[in-house]
Amino acid sequence: MRYVPNTDADRRAMLAAIGRPSLDALFEDIPAAVREQFRPMDVPSRSEMEVSACLGALAAANVGAGAVPFLGGGVYDHYVPSAVPYVVSRSEFATAYTPYQPEISQGTLTAMFEFQTMVTELTGMEIANASMYDGATALAEAALMAERVRGRGRVAVSRSLFPHVRRVLDTYAWASDLPIVELPYDGTSGRTDVDSLPDDLSAVIVQTPNAFGVIESLDGLKAQIGDALLIVSAYPTALGLLNPPGAFGADIVVGEGQPLGLPMGFGGPLLGLFATRKEFIRQLPGRVAGRTVDADGAVGYVMAAQTREQHIRRGRATSNICTNSALCALTATVYLASVGGEGLRVIAKRCFDLAHVLADRIARIDGYELAFLGPFFNEFVVRTPEDPAVVSARLAARGFLVTPPEELATLGVDGALRIAVTEKRTDDEIDRLVDALGGTG
Amino acid sequence: MSYPTEYRYTKDHEWVHVEGNRARIGITDHAQSELGDVVFVELPTVGTEVAAGENVAAVESVKAVGDVAAPLGGKIAEVNAELESSPEKVNEAPHADGWIFVLEVADPAAVDGLLDAAAYERFLTEG
Amino acid sequence: MKTIFERPRSDRPTAFVPTGKANGSTDDRRIDPAHLRDGAPRIPTVSEPVVVRHYTELSKANFGVDDGFYPLGSCTMKHNPKLNEAVAGIHGFANLHPQTDPALAQGTLALLHQLSELLRKTAGMSAVSLQPVAGAHGELTGMFLFKRYFEERGEATRTRILLPDSAHGTNPASASVAGFSVGEIPSDERGMVDITALRAALDETVAGIMLTVPNTLGIFEERILEITEAVHDAGGLCYFDGANLNAYLGRARPGDMGADVFHFNLHKTLSTPHGGGGPGAGPIAVSEPLEPLLPVPRIEADGNAFRLDWDRPRSIGAVHAFFGNVLVAVKAYAYLLRLGDEGLREVGENAVLNANYLQQRLKESFELPYDGLCKHEFVLSASELPNGVTALDVAKRLIDYGIHPPTIYFPLIVREALMIEPTETEGKASLDAFADAMERIAGEAATDPDLLRSAPHAAPVRRLDQTQAARDPVLTYSLDEAST
């Protein structure tokens, strides 16, 4: 039997102990009318070897995993130090559950406390939770939280969010009857146009770098928006180099934490980052670890402010989140401990540098030009001389993946491709990409 | 702890101390004991109009949240701001320094509908 | 417990990637100073040996399923097959960007499509979405589906969700986040939904019911068909929380019980690891009328190829940035292929047998509020223990016996509740050891209650002060104090 230690003798002994004649008798409480309708999946059981082969064949069919990804959109191909997956795979971390019994969960809780600290440091904020599902749902929950805090009945959102993030926000906002006002972007700079902000907003939401890779100008934005909360979705690697949203007065900072040591994994599991001001702690969704002492006065960690959460507040909880992305948060913690703040800055600088080198070289190819003049971090949009779908296909044939043109088209940018560059891209890959686009420079 | 005879009580474990046309309200010793160590009190806003039975405050312990309803209709006249820094007063002196809010009572006669100390203590043993 | 911030620091970062200038880089590439961070983030730089030792030490202050018995009720802490970990780590799955052209991601798309089919059949329903990434996320998505369904039908009065008083906290929380108010239905003296109360509560303000089957007492609703029929007759929908699916795998299907939306917890029933609180996955199965409302994109089969279908005008939108927790789905898929129908049937049988056996052994030393055939879990009460010993004390003392405590103080309808779910991956010897420990603790409650009240004694820390943590939350390490 797979994963079942009981022997037939064990089962006989247990049935005798409970006075039941058979295993079938254990299911008599399920109405016969239901049991009679049962149909199996029609799947035989298989040996480990066969399952392994089957999964291996499926993985091999993912040709794209062998190509060079110049893809971004919140999920990036960053280098992961070997110690990270090694440590995180320890079964004491991986096979534990929520730390409801803190005395035997100090590993998980201490790591949560470290993660929260690192997230506040990166974002420039005061408190952070121990993770949300992903950057998109973190942003959606931030909007709902702002509405709880301010109650103005609507939020403004920049058009230059990643479409896949915006889709999730739209769904959550619809369900909460929270109208969204869209802010346009400037066609030259690519930055959000905040000149005609409506009144009566619970929040103003921007992403930086935005969907065009352009770094938004946060300077003075908080002062411009009255008492609406400023919510910023930020790329954590970029925060190794860039001034964090907290320095500009942001009220809530969210982000996609996948770049911090997680595999791309076709988009999941991901890691939602969520940080805010200490004054908003009662409205904060999700789990938080807090420091305390034990009966002997030794320092320890417990889940703090649990009365916000569903298992106590139930219908009036700040969120319904229970299972989050804990092991991914641990991964990010070990990643950040391994590279350190200085190391993250070095990595960010390299991403920035390589992206700018590539952008310059592409811009020198006939017919190619940068779509926007605003400053960018490691991702940029180029207008192509021919149908971008054709260019994209040519690149794919040469083993290079770039963002599909449809994504940009939904944002009103036609005839263009978006390219992301991380520290993993080599000089050779960059040379060959430029060559594939028809350039020699 | 005994239940002051000059106070009135509700089956939701609130006590009411009438002071003219105002009523000072808190939770009873039984309630604070059930909740455990109080860590936070969510206070109502002064000036808010409330109906009898409406939840106006919440007392949070480590493991639970207890809603505090307005036993009578009226307007919130005062709140115990000390509870912001010292929520433990609700545990230490639930019938005195642990008071939560004062209500300007709309209908003073309604107080007669509340339990007296003896009736509340009976409710605790039988209820 | 020391934090990483208190460990010896390096004086320079480790070179994980090549450093030095990129080809063609020029120094005039300056970034606008206004955008530049003032100095690097103050996260310490720590060498690999120190990192590995620190987190290894932390891991030893943890307790996972691999360490010992973990009977956390309604969490299904079953063994996490190591085959799952191996396949999820294959480069072809892990190194794939979600915006890769579907033509180049056919392996994962095939897997997701096939997994959806297997889950659909297991549920006995019409269609599956793998987007929700946790049980509560599945609940929320289900509530979104309810909302859209009634919106389309112009039934704006349906703003309430009914749920039993034994419901898990995420149920009312999910309903609330989706904009519904909740109404509680009491349980009868046998722990099941009071059908009279339910019928009385059903009117045109009710959008539907959220049920856990079996319920959180581990008891199967005998009158489940009557319950769902009553809700349907009143024009409502039925949401089934699938956290307790382990109880009837291989024997019954929620679709046959009247479910309109059902969520799976892949990290419970389908053996993917809990990770210290996540990531999990909470895919949902739906009945036919709700299929057009499912999140986009859908994964469709075109012969032997798979494509993404965005053309779903009635869809509620998206609840995740991409396709859900794909690498978790890979593990669940491997588990289903390994077990097959035969293996799933063995899961249900052994899970239920183990629970009933433990219930029988423990009812002598603890109060059993609902006696009778249980499914995969059961609830004891510590309220009859002498000397005022509580469920919390019992839980902390179990730690000294090397056993993870069961769920305590849930469900709310049982005082001093201890919810015990052994799962099928425990053998009789392990169950007997647990029962022996529980009996000893019950004895200690009479002879040496202080030993319990001051427990645990054998854990990395003693009992922790929750009050202090709640009264004055310290949620971050003060990096200002940190020395360089």
Side-chain angles (χ1 to χ4, degrees), chain A residues 5 10 14 23 29 37 40-41 43 45 55 58-59 61-65 71 87 90-92 94-98 103-104 106-108 110 117 136 164 167 171 263 265-269 290-292 294-295 300 304 310-311 314-315 317 320 322-324 326-327 340-343 345 423 427, chain C residues 1 13 17 23-24 40-41 43 45 55 58-59 61-66 87 90 92 94-98 100 104 107 121 134 136 169 172-174 176 220 256 273-280 317-318 321-322 325-327 340-341 349 352 357 360 427-428 459 461-462 469 473-474 476-477:
Chain A
D10 288 331
M14 290 197 281
L23 293 173
D29 50 355
Q37 293 181 71
M41 298 182 294
V43 171
S45 59
L55 273 282
L58 286 171
N62 285 336
V63 178
L71 290 163
V87 156
R90 288 186 69 90
S91 66
E92 296 90 341
T95 69
Y97 200 15
T98 307
E103 293 83 10
I104 48 175
Q106 289 300 291
T108 296
T110 308
T117 305
H164 50 269
R167 263 198 295 280
T171 302
F266 206 59
R291 187 165 64 200
T292 185
D294 76 356
Q310 50 75 30
H311 55 286
R314 298 173 67 85
N320 71 331
C322 179
T323 290
N324 55 16
L327 201 67
E342 268 300 329
R345 186 183 160 97
E423 75 284 8
D427 287 339
Chain C
M1 217 67 242
V17 296
N23 236 349
I43 295 168
T45 302
Y55 291 101
L58 285 193
S59 76
N62 243 30
F63 188 104
V65 171
D66 284 5
V87 298
I90 299 176
N95 256 66
L96 195 63
H97 190 284
T100 301
L104 306 178
K121 287 180 172 174
S174 302
S176 297
F220 199 94
D256 301 327
H274 290 76
F322 302 107
N325 279 350
V326 174
L327 295 183
D341 291 308
E349 287 171 352
V352 173
Y357 175 70
Q360 182 67 24
K428 183 171 178 294
V461 291
R462 305 291 307 283
V474 174
T476 59
Y477 184 86

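Chain A is the first sequence line, chain B the second, and so forth, proteins listed ahead of strands; every chain is numbered from 1.
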Margin query: Looking only at heavy atoms and a cut-off of under 4.5 Å, which of A:Arg291, A:Met14, A:Glu423 has the most pairs with chain C?
Written below: A:Met14
Note to self: With a 4.5 angstrom heavy-atom cut-off, is it the side chain or the backbone of A:Asn324 that approaches chain C, or both, or neither?
What the structure shows: both
Check: Is the side chain of C:Asn325 donor-acceptor paired with the backbone N or O of A:Gly268 at a distance under 3.5 Å, no angle test?
Finding: no
Notebook entry, point to check: How close do A:Ala136 and C:Ala321 get, heavy atom to heavy atom, and via which atoms?
Noted result: CB-CB, 4.0 Å
Item checked: Nearest non-hydrogen partners of C:Tyr477 and A:Thr117, listed with the distance -> N-OG1, 2.9 Å
Checklist line | Under 3.5 Å: donor-acceptor pair, side chain of C:Thr100, backbone of A:Gly64 | finding: no
Item checked: For A:Glu103 against C:Val461, the heavy-atom pair lying closest together -> CA-CG2, 3.8 Å
Notebook entry, point to check: What are the two closest non-hydrogen atoms of C:Leu327 and A:Pro269, and how far apart are they?
Noted result: CB-CD, 3.7 Å
Check: Heavy-atom distance under 4.5 Å between the side chains of A:Thr323 and C:Pro279, does that happen here?
Finding: no
Notebook entry, point to check: Would you call C:Ser176 and A:Asn320 a side-chain contact if the rule is heavy atoms closer than 4.5 Å?
Noted result: no
Check: Who wins among C:Thr476, C:Val87, C:Asn95, C:Val326 for the most heavy-atom pairs under 4.5 Å with chain A?
Finding: C:Thr476
Notebook entry, point to check: Checking heavy atoms, do the side chain of C:Ile90, its backbone, both or neither come under 4.5 Å from chain A?
Noted result: side chain
Item checked: Exercise: identify the closest heavy-atom pair between A:Ala96 and C:Asn62 -> CB-ND2, 4.0 Å
Notebook entry, point to check: Atom OG1 in A:Thr110, atom CG in C:Leu58: separation rounded to 0.5 Å?
Noted result: 5.0 Å
Checklist line | For C:Ala136 against A:Cys322, the heavy-atom pair lying closest together | finding: CB-N, 4.4 Å
Check: A:Asp427, A:Val87, A:Ile104: which one forms the most heavy-atom pairs within less than 4.5 Å of chain C?
Finding: A:Ile104
Next item on the list: Specify which of A:Ala295, A:Gly300, A:Ala304 makes the most heavy-atom pairs with chain C at under 4.5 Å.
Entry: A:Ala295
Check: What distance do C:Lys428 atom NZ and A:Asp10 atom CG have between them, rounded to the nearest 0.5 Å?
Finding: 6.5 Å
Next item on the list: Select one option (side chain, backbone, both, neither) describing which atoms of C:Val65 are under 4.5 Å from chain A's heavy atoms.
Entry: both
Margin query: Is C:Phe322 in contact with chain A via its backbone, its side chain, both, or neither, using a 4.5 Å heavy-atom distance?
Written below: side chain
Margin query: At a 4.5 Å cut-off on heavy atoms, which part of C:Val17 comes close to chain A: side chain, backbone, both, or neither?
Written below: side chain
